[in-house]
Each structure stands twice: as structure tokens, then as C-alpha cells.
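Not measured: the values here are computed from a predicted model. Indexing begins at 1, ligand by ligand and atom by atom, following the structure's order. For the numbers below, each heavy atom of this structure counts, side chains included, while hydrogens, waters and symmetry mates do not.
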Amino acid sequence: MQTLTLTQPDDWHLHLRDGAALQAVLPHTVRQFSRAIIMPNLKPPVRSVADAAAYRDRILAAIPAGKRFEPLMTLYLTDNTDPAEIIAAKASQFVKAVKYYPAGATTNSDFGVTDIRKCDRVFEAMQQVNMPLLLHGEVTDKAVDIFDREQVFIEKHLIPLKQRFPHLRIVLEHITTSDAVEFVLGNNNIAATITPQHLLFNRNILFKGGIRPHFYCLPILKHEAHRRAILQAATSGNAKFFLGTDSAPHGRNSKETSCGCAGCFSALHAMELYAEAFETVDAIDKLEAFASFYGPDFYQLPRNTEKITLTKTTWRIPDEVPFAESGLVPLRAGEEMTWQMA
Ligand code: DOR
Ligand code: ZN
């Protein structure tokens with residue numbers, strides 16, 4: 001039987017939610033990953049070190065008995081974030097990054113930044129104390145086409161930001177376009193996370209045989225040419241590109257409705273999905289570094305030492321897994337996978 005043994009991976013972009021939802025999804029991540037960068041877009045968001053400490057305690061309390069997992073916390077940047085909070089975050093040791101959401105860009109982003117220049121004093125502090133900035137890199141301008149929001153963000157906001165703060169360490173999260181790949185390759189102090197859905201699917205899947213809400217996430221899936229560009233980046237062996245699932249659970253009720261939420265749930269089978277994507281371009285040998293080495297290297301944390309094993313075998317992704325008020329539909333529910341984590 002074909003098996004693949006890898007250093008235990010980490011997830012550098014994860015939504016765990018809170019309460020019953022947290023209880024339901026955390027065990028899936030703990031099974032696959034040793035650490036994860038925890039997104040702060042709760043209601044209300046995680047804006048202070050005190051919020052992050054309390055959320056971290058709730059996550060630690062939800063880890064299944066006998067398992068080990070380290071949540072790496074983030075703060076949610078707002079127009080009013082105080083540079084002093086950045087200093088406190090650095091001192092805390094458990095806050096590892098600050099997340100920028102443009103106001104209104106996505107789920108729970110109402111508290112997000114209305115104009116990125118309003119945060120320059122905060123970026124100054126972050127640059128000084130070596131605190132990474134995680135970007136949801138999309139503009140929210142209603143006049144900009146939804147498929148162009150990443151490119152326009154790069155042109156309008158990221159290029160000027162890099163000029164103002166050349167030493168600020170940035171992760172362009174969940175990249176979806178060749179433009180993002182080129183920008184990351186052409187600049188220092190910037191890396192990118194890549195999700196399984198953006199490696200495996202182009203935008204056609206959203207309308208295959210009808211409207212398919214479980215493939216709707218933000219940034220939205222793009223044209224095949226972009227998918228190929230990010231797949232090439234992920235499998236290139238370049239340390240600037242690493243794993244971040246953006247697993248973003250929403251109950252079936254909030255996805256299968258007249259105005260469904262954005263987010264794909266992939267924590268159940270993330271490593272299997274990445275393995276399939278890498279295999280399509282004969283690059284399974286590049287998976288370990290993407291999943292387990294380049295992320296900790298960027299975050300200046302030690303690499304994990306434990307191992308995981310994936311086995312070549314066929315299994316069917318469940319239609320639904322238990323969640324909060326309604327069930328949770330995993331990415332590619334009901335379809336067959338060809339790798340399975342032990
Ligand atoms: O699809 C998404 N879902 N994109 C985001 O940026 C947020 C996330 C969520 O929290 O549901
Ligand atoms: Zn996200």
C-alpha cells in the first residue's frame with residue numbers, strides 16, 4: 001500500500017468560531033495539525049490582547065482530552081487599534097499576528113478597516129516589534145467586479161503599503177490570482193497562504209449543474225488560468241507559499257439559503273485535499289515543505305518533529321458532520337477521496 005509520511009503540518013489560516021461551533025470543529029483540526037493561526041473574526045471580533053487571551057483559553061478548554069494543539073492567536077485590526085496594543089500583543093507571546101479585513105469584505109468584517117492609511121501608526125509599531133500583518137487582500141468598492149478585487153487591492157493598497165513599510169512582514173492570505181503570485185515573488189518580506197479549494201477548483205464549480213453554495217468562499221474562486229498559477233506556486237518549492245486552509249465553517253442553514261454565507265469547511269480532510277491537488281501535477285514530494293516547513297519558517301517558530309501518515313485509499317467524504325444549530329457540509333461532500341490520513 002502506498003503511504004506518505006510527513007512532518008506534522010500546521011494550518012496558518014483557520015476559523016474556529018466559538019461556543020458549540022468551536023467544540024464541533026476543533027477536533028478535526030487537532031487530528032491533522034499541530035498549530036494553527038486562529039482568525040479573530042468573532043462577533044464581536046478579537047480586538048485586544050485580553051480578548052485574545054480569553055478566546056485562547058476557550059480554545060484550549062475545547063481540545064479533546066489527551067491531544068496537543070497550540071492556537072496561535074491574532075488580533076483584528078480596526079480604525080481605532082492603538083499602537084500600544086501591538087506592543088502588548090508582542091509581549092504576550094501568544095499573539096502571533098494582526099489581521100486586516102477591509103470593512104464589509106466578508107463574514108463578520110463590519111468592524112474592519114475603512115481606510116488602510118488610518119492604520120499607519122499601528123503598522124509602524126508592527127514593523128518595529130516584528131509583528132506580521134495578515135491581509136485579506138480584496139477591495140470592497142462596489143464598482144469593482146468581484147473577480148477583480150484581489151488585483152485591485154494589490155495595485156491600490158498593497159503596492160503603496162509596501163512602499164510605506166518595506167520591513168513590515170506581510171502574509172497575503174488565501175491568494176487566488178496570478179497577480180498575487182507575481183507580487184509575492186517580486187517583493188521581500190511578503191509570503192502567502194493558499195487554500196485547498198483555490199488549488200482544486202476554478203469558478204465553474206460554483207455553477208456546475210446548478211448553484212453550489214458550498215463552493216462559495218471569499219475571495220471567490222477564479223478563472224482556471226489563475227488556479228493553475230497558484231497551483232504552480234504552491235508546488236514550486238518556494239518558501240514564500242505555505243498552507244492555510246481558511247476552513248470557515250457555516251451551518252448548512254446559513255449556506256443553503258437565499259443569501260448564503262461565504263466559507264468552505266475543509267478541516268475534516270485538509271491534508272487529503274492538498275495531497276490530491278499536489279498529485280495532479282506530480283508534485284507530492286513538495287507537499288511536506290509547503291505544509292510543515294515554510295509556515296513555521298516565516299513565523300520564526302520551530303518546525304514540528306512529530307509525523308503524520310497519509311495512505312492511498314478510497315473513502316467517501318460524509319454528506320454532513322455534526323455542528324451547531326444545523327449540520328456542517330464539508331468541501332466536496334459525498335465525493336470520493338484518494339488519500340486518507342491515519
Ligand atoms: O469565505 C470566507 N469565509 N472568507 C473569509 O474571508 C471569511 C470566512 C469566514 O469567516 O466565514
Ligand atoms: Zn479566512
Could you tell me whether the side chains of Glu279 and Trp339 share a donor-acceptor contact shorter than 3.5 Å?
-> yes
Protein residue, atom and distance nearest to atom 7 (C) of ligand 1, heavy-atom basis | Thr106 OG1, 3.3 Å
Which atom, counting only N, O or S, brings Asp246 closest to the Zn ion (ligand 2)?
-> OD1
Salt bridge or not for Lys222 and Glu150, using N-O below 4.0 Å?
-> no
Mind checking whether Phe201 and Val329 sit in one hydrophobic cluster, side chains of I, L, V, M, F, W, Y counted as touching below 4.5 Å?
-> no
Are any side-chain N or O atoms of Asn202 and backbone N or O atoms of Ala225, one a donor and one an acceptor, separated by less than 3.5 Å?
-> no
Are side-chain heavy atoms of Arg35 and Pro296 found at a separation under 4.5 Å?
-> yes
Any salt bridge (charged side-chain N to carboxylate O under 4.0 Å, His left out) involving residues 191-206? Give me the pairs, sequence neighbours left out, ordered by first then second residue.
-> none
Check the side chains of Thr338 and Glu276 for a donor-acceptor pair under 3.5 angstrom, ignoring hydrogens and angles.
-> yes
Between His136 and ligand 1, does any nitrogen or oxygen pair lie at a separation below 3.5 Å?
-> yes
Numbered atoms of ligand 1 (with element) below 4.0 Å of His250, judged on heavy atoms | 9 (C), 11 (O)
Any N/O/S of His174 under 2.8 Å from the Zn ion (ligand 2)?
-> no
Would you say ligand 1 has an N or O under 3.5 Å from any N or O of Ala262?
-> yes
Does His15 bring an N, O or S atom to within less than 2.8 Å of the Zn ion (ligand 2)?
-> yes
Nearest-option assignment for atom 8 (C) of ligand 1, heavy atoms, candidates Ser247, Ala248, Cys264 = Ala248
Give yes or no for whether the N/O distance cutoff of 3.5 Å, strictly under, is met between Asn41 and ligand 1.
-> yes
Report yes or no: does Arg17 have a heavy atom closer than 4.0 Å to ligand 1?
-> yes
So is Leu218 polar-close to ligand 1, meaning N/O to N/O under 3.5 Å?
-> yes
Side chains of Thr193 and Glu173, donor plus acceptor under 3.5 Å = yes
Of all the atoms in ligand 1, which lie at a distance below 4.0 Å from a heavy atom belonging to Cys217?
-> 1 (O)
